[in-house]
Participant: 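This is the structure, below, for whatever I ask next.
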Amino acid sequence: MTTPTAQEPRVRRPWLRRRWLSVVVVLWIVLVAGLGLWSVRNDPPTVPEQRDIAEAMPVLERASGAVFEAAAAGRDRAAEIDDVRVRPGCRVTPVRSGVEATRVVTVYVRGDGALPVLKAIAAALPAGFHARADASTSGRRVGLEADAGGYVAIDARADAASQVLLIEISTGCRPEGDLTPPVPAVAEPPAQLTAVVRALGQQAAGSVGLSTVACPGGGSGRTYTVDGVPPPRDLGAALQPVVGGASVVRAEPGGWAFLAGGRAVAVTKRESALRVSVTEPCSR
């Protein structure tokens, strides 16, 4: 009778298992890298830090033009456009610094016009902005907010009785990028600017600043400014020669704003001096 032989032990090959693990890891790395490359080329940014400040600037400019065009459209307010301001030092992440670009459209309104004007501006903005304007529960504060796309936000907050509304268009904090320095705009200031400066007691306009923005409906808006004008004893009395026939939307000790000749004129106190601006709407 033959005695059955014991089953031979199974030979272990740890090197073969390690090789298969290495192959799986390499394939996984290749797959993840491929998906990442495809995503970069085909997927839109999902967070603002995926688009640097240079890529955000065209969106900022288009949004600024849309806000200015909407703000300057009514006869119950006077609007002006400011320059783009780029501020470094913000934080994209806790360990990464960046820059933020903002542009402000200032709107002067009558004493009871803050909320109606903000609602009219919101209604005039592109539908894709999903703009809305409303008052707080108490009615003491009013605001406007909209999304211009590309993580560019539009926001305004003010007291319900305020006659000066600041609508800010902002990129938020972005990674640094190659920004092309803006070319200073050069244009002959309107005679209306000189007339207002002279009415305030200064013989010449002096150095004139110019801010421009392209409007989505065509043309461009322009705001001419003169800073450092000495204030007269009575601002309202001094402005009477240039206010005749104008539509006044603001008349306060701190500043005046009115529409005359199709342009918006604003005189505002800045510390111990006055700033005079004349703004031409998009249609010019």
Side-chain angles (χ1 to χ4, degrees), residues 44-73 77 79-94 96-109 114-115 117-134 136 141-159 162 164-182 185 209-216 220-223 225 268 270 277 279 282:
T46 56
V47 289
E49 52 264 31
Q50 291 179 346
R51 178 176 292 172
D52 66 28
I53 192 66
E55 295 174 296
M57 291 302 291
V59 183
L60 178 76
E61 285 299 284
R62 288 193 296 271
S64 299
V67 171
F68 176 77
E69 187 173 67
R77 67 259 197 188
E80 65 183 35
I81 185 72
D82 202 356
D83 286 330
V84 176
R85 298 186 180 184
V86 179
R87 302 182 182 91
C90 62
R91 308 302 301 181
V92 179
T93 68
R96 187 182 183 188
S97 62
V99 293
E100 179 181 14
T102 60
R103 198 161 199 188
V104 174
V105 174
T106 303
V107 188
Y108 303 97
V109 300
L115 183 57
V117 166
L118 287 179
K119 286 188 172 183
I121 293 171
L125 289 174
F129 284 18
H130 304 290
R132 65 186 187 92
D134 212 337
S136 64
R141 298 281 291 174
V142 295
L144 177 149
E145 59 183 25
D147 181 358
Y151 301 98
V152 171
I154 301 168
D155 184 77
R157 296 288 183 272
D159 291 335
S162 177
V164 183
L165 307 175
L166 304 178
I167 305 177
E168 183 181 79
I169 305 97
S170 172
T171 63
C173 194
R174 302 296 182 99
E176 296 181 4
D178 294 328
L179 288 179
T180 303
L210 174 59
S211 300
T212 66
V213 66
C215 301
S220 61
R222 297 182 177 90
T223 294
T225 56
T268 54
R270 300 287 179 90
S277 71
T279 301
C282 299

Participant: Grab the two heavy atoms, one from V99 and one from P175, that are nearest each other, plus how far apart they are.
Facilitator: CG2-O, 4.4 Å
Participant: Hey, are the side chains of R85 and V104 touching, using non-hydrogen atoms and a 4.5 Å cut-off?
Facilitator: no
Participant: Rounded to the nearest 0.5 Å, what's the gap from CG on L118 to CG on D134? Could you check?
Facilitator: 10.5 Å
Participant: Measure the shortest side-chain to side-chain distance between L144 and I154 over non-hydrogen atoms and say whether it is less than 4.5 angstrom.
Facilitator: yes
Participant: Could you list the residues that satisfy side chain to side chain donor-acceptor pair (under 3.5 Å) with E145, not counting sequence neighbours?
Facilitator: R132, R157
Participant: If you compare all heavy atoms of A66 against all heavy atoms of P126, which two are closest, and at what distance to 0.1 Å?
Facilitator: CB-CD, 4.1 Å
Participant: Determine, stepwise, if the pair R103 / V213 fulfils side-chain contact (heavy atoms from CB on, under 4.5 Å).
Facilitator: CA-CA 10 Å; R103 198 161 199 188; V213 66; 3.7 Å; yes
Participant: Identify the two heavy atoms, one from V59 and one from R51, that lie closest to each other, and give their separation to 0.1 Å.
Facilitator: CG2-NH1, 4.5 Å
Participant: Enter the distance from F68:CZ to D82:CG here, rounded to the nearest 0.5 Å.
Facilitator: 12.0 Å
Participant: A side-chain contact here means heavy atoms from C-beta on lying under 4.5 Å apart; do L165 and R77 qualify?
Facilitator: no
Participant: Distance from E61 atom CD to I169 atom CD1, nearest 0.5 Å?
Facilitator: 9.5 Å
Participant: So which heavy atom on E100 is nearest to which on S170, and how close?
Facilitator: OE2-OG, 2.6 Å
Participant: Hey, are the side chains of D147 and F129 touching, using non-hydrogen atoms and a 4.5 Å cut-off?
Facilitator: no
Participant: What are the two closest heavy atoms between M57 and A101, and how far apart are they?
Facilitator: SD-CB, 3.6 Å
Participant: Check whether E55 reaches the backbone of D52 with its side chain - one donor and one acceptor, N or O, closer than 3.5 Å.
Facilitator: yes
Participant: Find the distance between OG1 (T223) and CG (D83) and round it off to the nearest 0.5 Å.
Facilitator: 9.0 Å
Participant: To the nearest 0.5 Å, tell me how far L210 CG sits from S277 OG.
Facilitator: 12.0 Å
Participant: Compare all side-chain heavy atoms of T212 with those of I81 and state whether any distance is below 4.5 angstrom.
Facilitator: no
Participant: How many angstroms lie between SG in C215 and CD in E69, if you round to the nearest 0.5 Å?
Facilitator: 5.0 Å
Participant: Closest approach of L179 and A54, non-hydrogen atoms and distance?
Facilitator: CD2-CA, 3.8 Å
Participant: If we only count heavy atoms from C-beta on, is the R222 to S211 side-chain gap below 4.5 Å?
Facilitator: no
